[in-house]
Amino acid sequence: MQDWYFIDDKQAFGKRVKGGTIDFVFDPPSPASDANDQKWQNGNLVWGSPLKKRIKSAFTQSKDFKFEVFCDWLTTDDCHVSLDSSEKDQWGSPVARVKVGAHPHDLKVGSYIVEKGKQVMKNLGARSVRGSAFSSPTSNLVAGGLRFGHDPKTSALDADCRVHGTDNCFVTDGGFMPNGGSVTPTFTIYANSFRVSDIILKQV
Ligand SMILES: Cc1cc2nc3c(=O)[nH]c(=O)nc-3n(C[C@H](O)[C@H](O)[C@H](O)COP(=O)(O)OP(=O)(O)OC[C@H]3O[C@@H](n4cnc5c(N)ncnc54)[C@H](O)[C@@H]3O)c2cc1C
């Protein structure tokens, strides 16, 4: 759902802001762990026929349904790589220190959209809905390590994803993206790779 891709709620944000995408998904099947979850009920261990009944019921009468929210990761000075002042690698060079911080606005937007997603679940008939937003970045949607931009002082790549100051060194993975774009990023990474490939071909 992209009903809140832009949020026009002056009361909550004071102005129109960029929102995000809600992705409704069934939990990926994981039979062993799903069955394992059934062995506890109100803190008590369940076994024998009651456990078999619970497992049968879980597999035939219920389905986990959830939603995920994707919103921008605004660039922030709280997110950067620096060199450690004392720790060195095997060649005697300072090791990298990675600081992964988040912009407070991201959390505000995420929390707002989570509430919308919960409301959609309720409107679909769900009786018990829970949801939460967190500012720590997900480890599986990594981007922004080599941001593109016009100014070599604030970006590693130029607008064509060429390393600033070089002729033929291009980077087309998720590193070029200054933020996630409020969607899952992979198709954008693909699209940009094709765009940059055309630029490289013209240069050959
Ligand atoms: C569990 C999971 C679920 C995900 N779900 C989604 C989703 O639903 N939708 C979505 O859009 N995105 C999803 N993603 C994110 C998506 O997979 C990444 O955003 C995308 O793959 C990033 O592309 P990339 O080219 O930047 O890096 P990668 O795809 O990680 O490619 C990097 C490549 O570089 C290679 N490599 C690394 N070091 C070296 C080296 N020294 N020499 C040579 N090669 C090297 C690696 O082997 C790898 O092939 C998911 C990721 C995970 C882990």
Side-chain angles (χ1 to χ4, degrees), residues 1-34 36-38 40 42-43 58 62-82 84 95-149 154-156 173-190 192:
M1 281 185 82
Q2 292 195 310
D3 294 45
W4 296 283
Y5 193 76
F6 295 104
I7 301 171
D8 213 352
D9 185 339
K10 305 243 174 358
Q11 213 180 339
F13 291 95
K15 58 181 180 180
R16 189 171 186 254
V17 296
K18 178 88 175 290
T21 304
I22 308 181
D23 193 11
F24 291 92
V25 283
F26 289 121
D27 248 359
S30 176
S33 92
D34 291 347
N36 203 31
D37 286 346
Q38 305 309 316
W40 294 106
N42 303 326
S62 75
K63 184 99 182 138
D64 278 346
F65 184 51
K66 67 175 185 181
F67 67 87
E68 297 173 353
V69 168
F70 300 94
C71 54
D72 269 346
W73 323 307
L74 293 181
T75 48
T76 159
D77 289 344
D78 196 30
C79 203
H80 59 263
V81 181
S82 59
D84 196 274
V95 299
R97 289 170 65 96
V98 181
K99 172 76 172 72
V100 184
H103 198 291
H105 182 76
D106 300 348
L107 190 58
K108 194 174 172 192
V109 170
S111 304
Y112 183 91
I113 302 175
V114 165
E115 290 309 311
K116 298 295 180 191
K118 283 163 64 179
Q119 194 55 52
V120 172
M121 289 287 221
K122 284 183 193 155
N123 292 352
L124 286 168
R127 284 192 295 271
S128 166
V129 182
R130 58 182 192 276
S132 61
F134 49 90
S135 61
S136 53
T138 56
S139 55
N140 58 338
L141 303 175
V142 179
L146 285 163
R147 296 201 302 249
F148 72 165
T154 54
S155 56
D173 68 356
F176 85 96
M177 298 170 75
N179 63 48
S182 300
V183 289
T184 49
T186 305
F187 284 129
T188 307
I189 297 171
Y190 285 169
N192 183 60

Crowded around [X] [atom1]? As in, over 12 foreign heavy atoms under 6.0 Å?
X	atom1	value
D27	CG	yes
F24	CZ	yes
F65	CZ	yes

[atom1]-[atom2] distance between [X] and [Y], expressed to the nearest 0.5 angstrom:
X	Y	atom1	atom2	answer
I113	E115	CD1	CD	11.5 Å
T21	M1	OG1	CE	11.0 Å
R16	D9	CZ	CG	12.5 Å
K108	I7	NZ	CD1	9.5 Å

Single hit among D77, L74, T75 for side chain to side chain contact (heavy atoms under 4.5 Å, CB included) with H103: L74
Which heavy atom in [X] sits nearest to a heavy atom in [Y], and how many Å separate them?
X	Y	value
Y5	V183	CE1-CG1, 4.1 Å
L146	A156	CD2-CB, 3.6 Å
M177	P185	CE-CB, 3.8 Å
D173	F176	O-CD2, 3.1 Å
V109	C71	CG1-CB, 3.9 Å
N179	W73	CB-O, 2.9 Å

Counterpart residues, side chain to side chain contact (heavy atoms under 4.5 Å, CB included), relative to S82 (two or more places apart):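 S82: side chain to side chain contact (heavy atoms under 4.5 Å, CB included) contacts with H80, R97.
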Stepwise side chain to side chain contact (heavy atoms under 4.5 Å, CB included) check, F70 with D23: CA-CA 8 Å; F70 300 94; D23 193 11; 3.7 Å; yes
Atom pairs and distances, donor-acceptor, side-chain atoms in residues 119-133, under 3.5 Å, two or more places apart:
from	atom 1	to	atom 2	distance (Å)
Q119	NE2	N123	OD1	3.3

Salt-bridge criterion met for D3 and K116 (N-O under 4.0 Å): no
Salt bridge (Lys or Arg N to Asp or Glu O under 4.0 Å) partners for D78, two or more places apart: K99
Flag side-chain contact, heavy atom, 4.5 Å: W4 against I22: yes
Intermediate values then yes/no, salt bridge (Lys or Arg N to Asp or Glu O under 4.0 Å), D8 and K10: CA-CA 6 Å; D8 213 352; K10 305 243 174 358; 3.2 Å; yes
Ring-face cation of K66 near F26 (centre distance under 6.0 Å, axis angle within 45°): no
